[in-house]
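Contents: one structure, followed by commentary.
As a basis for the values below, the full set of heavy atoms in this structure was taken, side chains included, without hydrogen atoms, waters or symmetry mates. Residue numbers begin at 1 in each chain, while the letters A, B, ... track the order of the sequences.
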Amino acid sequence: MKNKNFYITTPIYYVNGDPHLGHVYTTTAADVVARFKRLAGYNVHFLTGTDEHGQKVAQSAEKAGIDPQEFCDQVAQKFRDVLSPFQISNDDFIRTTEDRHKKTCMALWKKLEDAGDIYLDKYAGWYAVRDEAYYGEDELEDGPDADTKIATATGAECKWVEEESYFFRLSDYTDKLLKFYDDNPDFIGPKSSANEIKAFVAQGLTDLSISRTTFDWGVPVPGNDKHVMYVWIDALTNYISALGWENGESNLMDQFWPADVHVVGKEITRFHAIYWPAFLMSANLPLPKKVYANGWWVVEGEKMSKSLGNVITPETLLENYGSDGSRYALMAEMPFGNDGNFVHESAVNRINGDLANGLGNLAQRSLSMIAKNCESVVPHKGEFSSDDKTLLEKAYALPEVTETHVNAMQIHKYLEAVWSVVGDANAYIDAQAPWKLKKENPDRMQTVLYVLAEVIRCVSIMAQPILPTGADKILDQLALDKSSRTFAHLNENHALQSGMTLPVPQGVFPRLELNTEQAA
RNA sequence: GGGCGGGUAGCUCAGCUGGUUAGAGCAGAGCGCUCAUAACGCUUUGGUCGGGGGUUCAAGUCCCUCUCCGCCUACCA
């Protein structure tokens, strides 16, 4: 038996802002994959969490007049509260202010230090507090006085700062990283991100500042209380602190490290694809198998922003589309990895077309015919025609076909494959016309309805990762045992048993009304 | 400035190493059906493949150039 463990992570979300469409999107994508892999027989560990350190958080807390920890507790709770309404099946939720995480960070720091990759030096440059970033001369404009400059890109005020800082010898890893990318062509996805990262590394890397002395809301640097760790060495480490690496809290490293995939937003790809592998190499730990960047949504053609007031909140999604609808719309509306445009009208069309008219109506029409004409039991099956076999074989082939797509993070292709069978099944009903067979050939009608029920079973099992609520309801209507709903049951050996009593069918995915007022 | 993507039917996108009449879904139109959530099926309208030049027997598919859009260039998914 090969290793059937699977570790997937989302980024940890920065608590300086509230959860929105983007967070839901990334987390849902990871959830779909996690659920898929569980059904495919993997022992899955799915991690999400919050990134809680840094100057901005400290300042926000101060502004709110509360202790930073209390501030973090409040915002982290908001992120946590989003999970269950969207059916996110995470196994753990890591917070960077937890002790287990701090322990791991300090242990990792020491490893890097022991490896000779950390040294103390000075960092000098124009620093913007607001952006928590240094800017080069070419990125600045003159400010109101000689001591102040303005960052062209963000408009933030920058001051000249000289700061003692620890550095990581990232420059030593340029060649090692390039070789690693060559040896592992699928490490970074999608392709565009991979190209971008490789080109960036090929230019040559400079050493990385990894500590700060200007604020103290962070993990202390071992042996030097003046310093706290800077964001990336702190944040990235969460992926192993949650597994208990060197912190004594749990022991999941052997099982789950290296991670199978880190799902990230495209703006943080480089940290995951450059710094993180370099840190791990330095600590002599295995590298994750894949870093996959998802794109960004614009909303109705415009960038989502607070000033435009078009930020889509998790609450808005739930009110408009419900949990299954939101999940489906987000995953089906754009190819994973691309940028996309979230348009209320097309989300409604998508949900109505694929869920209500497609899968939902397929189940409803089939199951009510069974209820009315087969005494509410799974129909008899006679000899299968070639049409029957074609449809069933396509359904049975789904686990294999879709797993390739999911492994490549092509979630939209997985959905297309499943819904292609839904379409075939609807065409099959019309072609077979069981309502005619009812009078002409009742036996054949039974077989046709049996085939339909069986295909609905398959399609619903396949749809569980994307539609946890609705797919379950359909499977309940097929009286399928909860323990018989994995991909291993997707074959004729586990086909529906004729004669099983079925409950009264009910609609599962209601049609949505297009309410344009809800667009914003 | 440098880098990476992308501009293909009204919309969202497929089109691998160049090769018959450029595809899908949605939207539109027509027909059919009546089991079903005014749902389903079938057929169909629609594209000078961003502009220009080149290579080739043959180019959305390769090369050059121009143009437009997005993103990255040290922390908004």
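- Residue-environment remark: NZ (A:Lys198) exceeds the threshold of 12 foreign heavy atoms within 6.0 Å.
- A:Glu267 comes within contact range of the sugar-phosphate backbone alone, with a heavy-atom separation under 4.0 Å but no base atom that close.
- Closest to the side chain of A:His23, out of B:rC4, B:rA77, B:rA36, is B:rA77.
- When the P atom is used for both B:rG53 and B:rC72, the distance is 36 Å, rounded to whole Å.
- Within 4.0 Å (heavy atoms only), A:Gly22 reaches at least one base atom of the nucleic acid.
- One atom, OH of A:Tyr428, and another, P of B:rG41, lie 16 Å apart when rounded to the nearest Å.
- In this structure, A:Ile8 atom CD1 and B:rA77 atom P are separated by 17 Å, rounded to whole Å.
- Considering only side-chain N and O atoms, A:Asn341 lies nowhere under 4.0 angstrom from the phosphate OP1 or OP2 of B:rU12.
- Evaluation of the salt bridge (charged side-chain N to carboxylate O under 4.0 Å, His left out) rule for A:Glu164 yields A:Lys226 as partners, not counting sequence neighbours.
- Nucleic acid contact for A:Gly295: base, since at least one base atom lies under 4.0 Å from a heavy atom of the residue.
- At the heavy-atom level, A:Val264 lies under 4.0 Å from the strands shown only through sugar-phosphate atoms.
- Under 3.5 Å, the side chain of A:Thr28 and the base of B:rA77 form no donor-acceptor pair of N or O atoms.
- Using a 4.0 Å heavy-atom criterion, one finds that A:Ala199 contacts the sugar-phosphate atoms exclusively.
- Under the 90° criterion around 0 for the glycosidic angle, B:rG60 counts as syn.
- Between the side chain of A:Asp354 and the base of B:rG25, no donor-acceptor pair of N or O atoms lies under 3.5 Å.
- Distances shown here put every side-chain N or O of A:Arg270 at or beyond 4.0 Å from the OP1 or OP2 atom of B:rA74.
- Of the candidate nucleotides B:rG3, B:rC35, B:rA74, B:rC35 has the atom lying nearest to any side-chain atom of A:Lys372.
- The nucleotide whose nearest atom lies closest to any side-chain atom of A:Glu196 is, among B:rC4, B:rC35, B:rA36, B:rC4.
- Comparing B:rC62 with B:rC49, their P atoms sit 15 Å apart, to the nearest whole Å.
- With salt bridges taken as basic N to acidic carboxylate O contacts below 4.0 Å, none links A:Lys290 and A:Asp186.
- Residue-to-nucleotide proximity on RNA chain B shows that, of A:Glu333 and A:Asn294, the 5′-proximal contact is made by A:Glu333.
- Contacts of A:Lys266 with the nucleic acid, taken as non-hydrogen atoms under 4.0 Å apart, involve only primed sugar atoms and P, OP1 or OP2.
- Counting distance only, with no hydrogens placed and no angle test, the side-chain atoms of A:Tyr13 and the base atoms of B:rA77 include no donor-acceptor pair under 3.5 Å.
- Using a 4.0 Å heavy-atom cutoff across all strands shown, A:Gly353 reaches no nucleic acid atom at all.
- Between B:rC40 and A:Asn357, a contact under 4.0 Å exists linking OP1 or OP2 to a side-chain N or O.
- If you take atom C1' in B:rC42 and the same atom in B:rG52, they sit 43 Å apart, rounded to whole Å.
- Of the candidate nucleotides B:rC72, B:rC35, B:rA74, B:rA74 has the atom nearest to the side chain of A:Leu208.
- Residue contacts for A:Trp297: at a heavy-atom cut-off of 4.0 Å it reaches a base atom on one of the strands shown.
- The number of heavy atoms from other shown groups lying within 6.0 Å of CD (A:Gln506) does not exceed 12.
- Here A:Asp324 does not pair with A:Lys473 in a salt bridge; the nearest charged N to carboxylate O distance is not below 4.0 Å.
- Look at CZ on A:Phe342: it is 21 Å from P on B:rG70, rounded to the nearest Å.
- B:rU17 is unpaired under the criterion used here, namely a Watson-Crick or G-U wobble arrangement in which both key atom distances are under 3.5 Å.
- The side chain of A:Ala427 lies closest to B:rC42, out of B:rC42, B:rC33, B:rA77.
- Remark: A:Arg95 engages A:Glu52 in a salt bridge, criterion side-chain N to carboxylate O under 4.0 Å.
- For A:Asn361 against B:rA39, a side-chain-to-base donor-acceptor contact under 3.5 Å is absent.
- In this structure B:rC40 sits in a base pair with B:rG32, meeting the Watson-Crick or G-U test at under 3.5 Å.
- At a threshold of 4.0 angstrom between heavy atoms, the contacts of A:His20 include nucleobase atoms, whether or not backbone atoms are also involved.
- Within the nucleic acid shown, A:Leu362 has no heavy atom closer than 4.0 Å to any nucleic acid atom.
- With respect to the salt-bridge test (charged N to carboxylate O, under 4.0 angstrom), the residues A:Asp234 and A:Arg212 do not qualify.
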